[in-house]
Number of protein chains: 2
Amino acid sequence: MRTGRPRSFDRDEALEAAIALFWRHGYEATSMAQLKEALGIGAPSIYAAFGDKRTLFLEALDRYLHTDGAFAARAVAEGPTARAGVERLLHEAAAAYTRPDRPPGCMLITAATNCSPQSADIQEHLRDVRAAGARALEAKFADAVQAGELPGDSDVHGLASYYEAVIQGMSARARDGATLDDLEGIARTAMRAWPTA
Amino acid sequence: MRTGRPRSFDRDEALEAAIALFWRHGYEATSMAQLKEALGIGAPSIYAAFGDKRTLFLEALDRYLHTDGAFAARAVAEGPTARAGVERLLHEAAAAYTRPDRPPGCMLITAATNCSPQSADIQEHLRDVRAAGARALEAKFADAVQAGELPGDSDVHGLASYYEAVIQGMSARARDGATLDDLEGIARTAMRAWPTA
DNA sequence: GTCATTCTATAACGATCGTTCGAGAAGTCT
DNA sequence: AGACTTCTCGAACGATCGTTATAGAATGAC
């Protein structure tokens, strides 16, 4: 058993509360004062449990990517075809970005858009993670070409770029108050751009 | 003639410099210290010429909407058909969002995404301006239905929502480093979703 | 030349930022 | 019980935030 005074709060619950704040307001716009109040604990407890604000944000993002944000990689990876994967990706995004019990949009996309120079590294980190997602999508399209699902002369980079833009656009629309129906409409319309044989 | 000591800087140039900063870093993430350095003048001069940071931002945004951001409303308004208007909108956005002498993306879309509660009004203001743009686009589609360009049962709201999402997605992609070619590819692909008779 | 006016520069304001020190509380271990 | 360890709480840290008071410089008016 671990010695010493036991922690007075649930670490997971605190992390979830931090996710909600960072998700809604972003990294820099979320203050330690807000975090203290939302997590219901003092600043020293936060530092002891999570490290500084930057480290807490990175852990919050990592948790997000394995929970609420995990649908994206899964949809692409598990889609039996590229088309099925993208279709599932878009429709699950529509639902995930408008859950009434969650902040709107995607944390990975929105949490570090307005950054001062001293948190440019955070901004770049999220950019890198997004870029990895776009590369996975592009690889899915390349596989589809290989498998004959898409024409041999398909612009796989252009397709990935387009659907990545649609995802980011859906997140932005959700943040502007778009409803689940709005986003599902966007998803359906975006699928009409699918390459025709 | 106006009496008193004359202003030592060009007000328009200063405003342009402020636009560049707010555009790149956003409203809250841009500090007065940055503004002082970029405008090359002291804080009291900024306050005398523009008012407080909030007022300066609103004037910067207004100027942006009449200059670099003016293409959008113009493309929709001047398009001889809805399709021509949207096509021009998307391609001009591709160029405007990747100008090498400008910050990437759209200031209206990105400048107030990460906001703390005390600047929620700024965030809402930009949201309202974006909503007005979306309504103009929807009206253009409604006109196109009236004129017979689009089928009578067209979902004009859905179409406007979709192309608004594409625009916001293009801005996000530009901020992630997408090139002019990338964005023009997105624009072309997005046009493939245009309703078929 | 002198006054009135308007801008500039320095420096400071109170508030808040993220972070940490120090004292005491709450456990386990021997 | 007492030693040891770990966490909590209140207070404070220096830095930076946006903003402004104050004093002096630069002009037009008389």
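Chain A is the first sequence line, chain B the second, and so forth, proteins listed ahead of strands; every chain is numbered from 1. Given the structure is predicted, the values throughout are model-derived calculations rather than measurements.
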query: Less than 4.0 Å between a side-chain N and a carboxylate O, is that true for B/Glu16 and B/Arg63?
result: yes
- prompt: Salt-bridged, A/Glu164 to A/Arg130, with N to O below 4.0 Å?
  reply: no
Among [options], which is the nearest nucleotide to the side chain of [X]?
| X | options | value |
| --- | --- | --- |
| A/Tyr47 | C/dG18, D/dT8, C/dT8 | C/dG18 |
| B/Lys53 | D/dT8, D/dT19, C/dT8 | D/dT19 |
| A/Thr3 | D/dT6, C/dT6, C/dT20 | D/dT6 |
| A/Arg5 | D/dT8, C/dG18, D/dG24 | D/dT8 |
| B/Arg7 | D/dT19, C/dA26, C/dC7 | C/dC7 |
| B/Ser31 | D/dT8, C/dG18, D/dC17 | D/dC17 |

field: Close aromatic pair by centroid cut-off 6.0 Å: A/Trp23 and A/Phe57
entry: no
Take the protein atom [atom1] of [X] and the nucleotide atom [atom2] of [N], then report the distance between them rounded to whole Å.
| X | N | atom1 | atom2 | result |
| --- | --- | --- | --- | --- |
| A/Glu37 | C/dC17 | CD | P | 12 Å |
| A/Arg11 | D/dT8 | CZ | P | 12 Å |
| A/Asp52 | C/dT19 | CG | P | 5 Å |
| A/Met32 | D/dG14 | CE | P | 19 Å |
| B/Gln118 | C/dC17 | CD | C1' | 11 Å |
| B/Phe57 | D/dG18 | CZ | P | 14 Å |
| B/Lys36 | C/dA12 | NZ | P | 14 Å |
| A/Ile122 | C/dG18 | CD1 | P | 13 Å |

task: Give a yes/no verdict on a cation-pi contact between B/Arg11 and B/Phe9, requiring under 6.0 Å between NZ or CZ and the six-membered ring centre and an angle within 45° of the axis.
output: no
message: Using a 6.0 Å distance limit plus a 45 degree cone around the ring axis, check whether A/Lys53 lies over the aromatic ring of A/Tyr27.
response: yes
Students often get this wrong, so: under 4.0 angstrom with heavy atoms, is [X] touching a base, only sugar-phosphate, or nothing?
| X | answer |
| --- | --- |
| B/Pro44 | base |
| A/Ser116 | nothing |
| B/Ser119 | nothing |

- request: Identify, between B/Ala43 and B/Gly4, the residue whose nearest nucleotide on DNA chain C lies closer to the 5' end.
  value: B/Gly4
field: Phosphate contact (C/dC7 OP1 or OP2) by B/Ser8 side-chain N/O below 4.0 Å
entry: no
query: Mapping B/Gly51 and A/Gly40 to their closest nucleotides on DNA chain D, which lands nearer the 5' end?
result: A/Gly40
